[in-house]
2 protein chains.
Amino acid sequence: MANEQLQEAIDALKSTKVRMTPQRHAILEYLYNSMSHPTADEIYKALEGKFPNMSVATVYNNLRVFKDVGIVKELTYGDSSSRFDCVTTEHYHVICSDCGKIVDFHYPGLNEVETLAEHVTGFKVDNHRMEVYGTCPDCSQQTQH
Amino acid sequence: MANEQLQEAIDALKSTKVRMTPQRHAILEYLYNSMSHPTADEIYKALEGKFPNMSVATVYNNLRVFKDVGIVKELTYGDSSSRFDCVTTEHYHVICSDCGKIVDFHYPGLNEVETLAEHVTGFKVDNHRMEVYGTCPDCSQQTQH
DNA sequence: TCTTACATTGTAATTCTTATAAATTATTTT
DNA sequence: AAAATAATTTATAAGAATTACAATGTAAGA
Ligand SMILES: [Mn+2]
Ligand SMILES: [Mn+2]
Ligand SMILES: [Zn+2]
Ligand SMILES: [Zn+2]
């Protein structure tokens, strides 16, 4: 159930000086219930029924607050807008080059890469980023006319 | 010597209907001689002495032309501007979170990740992207006051 | 209640990149 | 070589995503 994790996120916020507001609750709720990787604008559009006066700046502001607290991760892609992920445990993404669909997957061992990079470059390595690109099943099927 | 690879790039262009112009030559020359990962604007600034009338659009246009021909790769980062790499053979990057320095490194085996992603998600996987983030030696030293 | 701190809103500004149209330059055709 | 065609550059406007800012609103603490 996504509600447990939503509650955990709310509790995490309470332990800071960040106040819970209706807008914040709605943004978090949307993130946890959709379980997708929405853009700021998608969130904004999804909530404009409930909050006709909400500013898009509020969405951006709060996503940054959530990021700082650590309950949301930002996924940045070159051309288009950032996407936001409420699953903060380590996992990777497969992205469809056709339709943009993003799917989570897990892979155990990439720490080896970090260690090698440290040795080869002399950097003190903290973390890494990886995505896999391809064609999703839906798009593959459509191509086969 | 970078000049051999520059010549190869020029030859690759000649085999298409793409014309060689002074601006194009200068952009390529800069890419191959600097051997860094400059932004479009860095290239533009670096060449404004030689080409006081060159438009920044020309830099962007030509970088796209080079990308299409396959002699340049675009590295996209979320917040800031794209960087361009004239080394198109497969390699990875370590990026300093402090100063933004980008250093190449090689790692043999990440095809395994692609295979696993295919099996787990049903995607037809084409390629992947990976970067490692940390602190470069220079920045590490400065922190130790 | 009064004061202070935090949030939201609406809008302007910023940044990076692309689109457009006119002017140049190069290539091909006559 | 001159004319026609195609590619390229330039200058500038437009676009999209995000942030900054100031005014207003709301909650918490004294
Ligand atoms: Mn995810
Ligand atoms: Mn590189
Ligand atoms: Zn797809
Ligand atoms: Zn550094």
Side-chain angles (χ1 to χ4, degrees), chain A residues 9-10 12-30 37-69 71-85 100, chain B residues 9-10 12-30 37-69 71-85 100:
Chain A
I10 292 173
L13 281 180
K14 276 203 185 121
S15 70
T16 70
K17 64 189 60 179
V18 175
R19 296 176 185 164
M20 181 52 55
T21 66
Q23 292 89 337
R24 283 188 179 149
H25 192 280
I27 294 170
L28 281 177
E29 199 175 35
Y30 180 78
H37 304 83
T39 64
D41 202 59
E42 280 167 9
I43 299 172
Y44 174 65
K45 294 262 168 57
L47 299 181
E48 71 181 356
K50 254 190 212 166
F51 296 87
N53 298 324
M54 184 167 63
S55 166
V56 71
T58 299
V59 178
Y60 278 103
N61 286 342
N62 287 329
L63 286 170
R64 181 165 32 175
V65 169
F66 298 157
K67 229 175 46 170
D68 292 346
V69 175
I71 58 178
V72 158
K73 271 189 181 169
E74 182 174 5
L75 314 176
T76 60
Y77 301 111
D79 46 335
S80 55
S81 36
S82 288
R83 299 188 160 271
F84 295 87
D85 196 339
Chain B
I10 292 172
L13 282 180
K14 275 200 185 123
S15 68
T16 69
K17 65 188 59 178
V18 175
R19 294 174 186 167
M20 183 50 58
T21 66
Q23 293 90 337
R24 283 188 179 151
H25 193 280
I27 293 170
L28 281 177
E29 201 174 35
Y30 179 78
H37 304 83
T39 63
D41 202 59
E42 279 168 10
I43 298 172
Y44 173 67
K45 293 263 169 55
L47 298 181
E48 70 181 356
K50 254 192 212 166
F51 296 87
N53 298 324
M54 185 166 64
S55 166
V56 69
T58 300
V59 178
Y60 277 102
N61 286 341
N62 287 329
L63 287 170
R64 181 165 31 174
V65 169
F66 299 158
K67 230 175 43 167
D68 292 346
V69 175
I71 58 180
V72 159
K73 271 189 184 171
E74 182 174 4
L75 314 176
T76 60
Y77 301 111
D79 47 336
S80 55
S81 35
S82 288
R83 300 188 160 272
F84 295 88
D85 195 340

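Given the structure is predicted, the values throughout are model-derived calculations rather than measurements. The figures here come from the full heavy-atom set of this structure, side chains too, leaving out hydrogens, waters and symmetry mates. Proteins come first, then strands; the chains are lettered A, B, ... in the order of their sequence lines, and each starts at number 1.
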Please list, chain by chain and in numerical order, all residues satisfying side chain to side chain contact (heavy atoms under 4.5 Å, CB included) with Ser55(B), sequence neighbours excluded.
Ala57(B), Thr58(B)

Contacts of Glu42(A) meeting side chain to side chain contact (heavy atoms under 4.5 Å, CB included) (sequence neighbours excluded), chain-then-number -> Pro38(A), Thr39(A), Arg83(A)

So for the helix from dT1(C)-dA30(D) to dT30(C)-dA1(D), with five pairs setting each end axis, what is the inter-axis angle to 10°?
10°

For Arg24(B), enumerate each residue passing the salt bridge (charged side-chain N to carboxylate O under 4.0 Å, His left out) test, keeping only those at least two apart in sequence or located in another chain.
none

Across all chains, not counting sequence neighbours, the salt bridge (charged side-chain N to carboxylate O under 4.0 Å, His left out) partners of Asp41(A) are Lys45(A)

Residues 37-60 of chain A vs ring pair (Phe, Tyr, Trp, His ring centres under 6.0 Å), sequence neighbours excluded, gives His37(A)-His93(A)

Filter on salt bridge (Lys or Arg N to Asp or Glu O under 4.0 Å), then keep only pairs touching residues 57-68 of chain A, sequence neighbours left out; what's left?
Lys67(A)-Glu74(A)

Locate the shortest heavy-atom distance separating Lys50(A) from Glu29(A); write the atom from each residue and the value.
NZ-OE1, 3.6 Å

What's the shortest heavy-atom distance between Ala40(A) and Leu63(A), and which atoms?
CB-CD1, 3.9 Å

Boundaries of the DNA chain D segment in contact with chain B, non-hydrogen, under 4.0 Å
dA6(D) to dA11(D)

Reading nucleotides 5-18 of chain C from 5' to 3' and marking B where a protein heavy atom lies under 4.0 Å of the base, S where only the sugar-phosphate is that close, and - otherwise, the string is BBSSBB-----SSB

Scan the side chains in residues 12-19 of chain B for donor-acceptor partners under 3.5 Å anywhere in the protein, sequence neighbours excluded, and list what turns up.
unit_1	atom_1	unit_2	atom_2	d
Ser15(B)	OG	Ala12(B)	O	2.7
Thr16(B)	OG1	Leu13(B)	O	2.7
Thr16(B)	OG1	Val18(B)	N	3.1

Pairing residues for Thr76(A) by the side-chain hydrogen bond (donor to acceptor under 3.5 Å, both in side chains) criterion, not counting sequence neighbours
Arg129(A)

